[in-house]
There are 2 protein chains.
Amino acid sequence: MSRLPGSDARLAVSTVIFALEPGVTPDGVEHEASGPRSLWIPLVRRLREPGKDRWALPGGWLGAGEALEAAAARTLEETTGVTPAYLEQLYTFGAPDRSPAERVVSVVYWALVRPEETTGAIDDPNVRWFDPDDLPALAFDHNMIVEYALARLRTKLGYSQIAHAFLDQTFTLAELREVYETVLRRPLDPANFRRTVEASGALVETGEVRTGTPHRPPKLYRPAEPADAGANGLFRVPIAPHLRKQS
Amino acid sequence: MSRLPGSDARLAVSTVIFALEPGVTPDGVEHEASGPRSLWIPLVRRLREPGKDRWALPGGWLGAGEALEAAAARTLEETTGVTPAYLEQLYTFGAPDRSPAERVVSVVYWALVRPEETTGAIDDPNVRWFDPDDLPALAFDHNMIVEYALARLRTKLGYSQIAHAFLDQTFTLAELREVYETVLRRPLDPANFRRTVEASGALVETGEVRTGTPHRPPKLYRPAEPADAGANGLFRVPIAPHLRKQS
DNA sequence: GCAAAAGTGTTGGAGCTACACCCATGC
DNA sequence: GCATGGGTGTAGCTCCAACACTTTTGC
């Protein structure tokens, strides 16, 4: 049987996984507080050529009969031990020379994970968490991919509810605001932030407050909808009409 | 040699091609003027199973050593005879059951073509132009793909300069406005449109005017930049801050 | 009471919509 | 001149940034 056209490239799936740094690194080292937290992405060390010993995005080959999104969820769980709260296709990279020797087309996804997910992360010297704004030289074209994913995350934060995927089921407005401030790397006015978020209708009060704080107890909120509604991420509904990347 | 993982799916490339209906169909039939023009996309009739005799997006298999974007440009030229003025990746569709019998992953692009490009289009009964808002049942999942491309076109029109790709190198503001009105399917205020576009800095006056009109001769403009600058479409710069899909 | 974060009120400006109005050409 | 699209002016509205201010808790 002759080789079919369209079959000479191998199909891989990779994922850029974003989490919020818990304030303590996985090594248990305290982190000094310039900003209280920062964005954090896990990378895996390549154990084989090509790109041996370099850090790379978690990923793997597409399985037979496996949906693309399922492959992304599977490979990121296998390699890093985290489960995504949000998963969306980013872009497909297929330059002929992006991997030496063989042709690889990578369908890249990006994911957000909650803090408790990262505690179940694999404790492995070949998995390490990095600041996506300060990366070493990665394998293949992965630096460019992370840069693109970061731009998409920052843009999408402004017109969707994806910030919820960084948080627990209930949270305070200050916690939600901290997500925005961390990702956008700029402070936001608490008063205006409150009004904008409340007007968007994306949150509902739980009726509870968080006690034990040294100050006035803040109300707890939860997302207005299950947050994962909307099939495969193609047609998601924009909500909040501001909070752009630029001031 | 055993079959490698990641190779059991065939990689195809398809393109959703948008043009402005010239006011006359390719058959030479005059078109009545409710709206003066409308969006227009070319589809090809499938001559083989699966989906035989249904209309489908132009496309083909990815060639060995061929870049994804190059494959999109090649296959749309081969099947429909048009050359794109703008080409950007849309999404990769890979549901296991989207094509019967064999696994096909399709990297889908979308393109804009100028009116003169469509005059060089192939005159073939197996290529026909359709209104994307009024399509028959297409092969595979192509109805959904067109719907998604249409949403992306309408959204992107509001924050980029892609409208220029529908027009010649120089054009009047009325012609540019007609592009927006056609794509967004709503009338725009000429006065406000002018100010918005001028403020965006996306256009420069050529100093010429268009003569031969029955009224005051309008100024001619050209895009401020070569319009195709920006590599592979990943990092394009948003410009015009309004003209949304919704009023 | 005091400090600090939660939460509310208010003002001013930017930008957009709607629409009135003037300009320049062909006939 | 007059019809018509090209092009300018402007009032009013909405929305948001900035910031002053009040509320509620722990200590």
Side-chain angles (χ1 to χ4, degrees), chain A residues 33 35-37 157-159 167 170-182 184-222 238-247, chain B residues 33 35-37 157-159 167 170-182 184-222 238-247:
Chain A
R37 305 164 95 179
L157 205 68
Y159 62 90
L167 298 170
T170 66
F171 46 83
T172 68
L173 283 183
E175 289 165 349
L176 183 63
R177 181 165 48 83
E178 190 188 10
V179 172
Y180 278 84
E181 291 179 334
T182 300
L184 300 178
R185 288 177 301 185
R186 64 184 169 97
L188 297 172
D189 185 302
N192 296 330
F193 181 82
R194 164 181 303 277
R195 271 183 291 254
T196 301
V197 171
E198 283 177 345
S200 77
L203 298 184
V204 291
E205 297 184 13
T206 63
E208 314 262 305
V209 294
R210 167 154 299 158
T211 56
T213 64
H215 307 299
R216 173 172 173 176
K219 294 179 188 170
L220 285 169
Y221 294 81
R222 58 177 171 77
I239 299 280
H242 93 303
L243 299 172
R244 300 280 155 65
K245 188 176 170 186
Q246 300 284 358
S247 171
Chain B
R37 307 165 94 180
L157 205 68
Y159 63 90
L167 298 170
T170 67
F171 47 82
T172 67
L173 284 182
E175 289 165 348
L176 183 64
R177 181 166 48 85
E178 190 188 10
V179 172
Y180 277 84
E181 291 179 335
T182 300
L184 301 178
R185 286 176 306 185
R186 64 183 168 98
L188 297 172
D189 185 302
N192 297 330
F193 181 82
R194 164 181 303 277
R195 271 183 292 255
T196 301
V197 171
E198 283 177 345
S200 77
L203 298 185
V204 290
E205 296 184 14
T206 64
E208 316 261 304
V209 294
R210 168 153 300 158
T211 55
T213 63
H215 307 300
R216 173 171 173 177
K219 293 179 188 170
L220 284 169
Y221 293 82
R222 59 178 170 78
I239 298 281
H242 93 305
L243 300 172
R244 299 282 156 64
K245 187 177 171 186
Q246 301 282 358
S247 171

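Below, chain A is the first sequence line, B the second, and so on; all start at residue 1.
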**Message:** Just N and O in the side chain of R216(A): are any of them under 4.0 Å from OP1 or OP2 of dT23(D)?
**Reply:** no
**Estimated bend of the helix from dG1(C)-dC27(D) to dC27(C)-dG1(D) (axis per five terminal pairs, rounded to 10 degrees)** = 10°
**Request:** Of all the heavy-atom pairs spanning R210(A) and T170(A), show the shortest one and how long it is.
**Result:** NH2-O, 4.5 Å
**Item:** Length of the CG-P vector between L188(B) and dC19(C), whole Å
**Value:** 15 Å
**Request:** Nearest whole angstrom, please: distance from the C1' of dA20(D) to the CZ of R195(A).
**Result:** 12 Å
**Item:** Side-chain heavy atoms of F171(A) within contact of L203(A), under 4.5 Å
**Value:** yes
**Item:** Rounded distance (Å) that lies between atom P of dA6(C) and atom CD of E208(A)
**Value:** 18 Å
**Asked** Between H215(A) and L173(A), which has a closest nucleotide on DNA chain C that is more 5'?
**Response** H215(A)
**Prompt:** Given side chains that start at C-beta, do those of T172(A) and L220(A) come closer than 4.5 Å, heavy atoms only?
**Reply:** yes
**Prompt:** Where each residue is assigned the nucleotide of DNA chain D containing its nearest heavy atom, which of R177(B) and T211(A) is assigned the position nearer the 5′ end?
**Reply:** R177(B)
**Asked** To the nearest angstrom, how far is E178(B) atom CD from dG6(D) atom P?
**Response** 11 Å
**Item:** From R177(B), E181(B), E198(B), residue fulfilling side-chain contact (heavy atoms from CB on, under 4.5 Å) relative to F193(B)
**Value:** R177(B)
**Fill in**
Note: D189(B) and N192(B) closest approach over all heavy atoms is OD1-N, 3.1 Å
**Prompt:** At under 4.0 Å between heavy atoms, what does T213(A) touch on the DNA or RNA strands: base, sugar-phosphate, or nothing?
**Reply:** sugar-phosphate
**Asked** With a 4.0 Å cut-off on heavy atoms, is P217(A) in touch with a base, just the backbone sugar-phosphate, or nothing at all?
**Response** sugar-phosphate
**Request:** Could you check whether A191(A) gets within reach of a base, just the sugar-phosphate, or nothing at all, counting any heavy atom under 4.0 Å?
**Result:** base
**Request:** Report the residue (D189(B) or G212(B)) whose heavy-atom-nearest nucleotide on DNA chain C is the more 5′ of the two.
**Result:** D189(B)
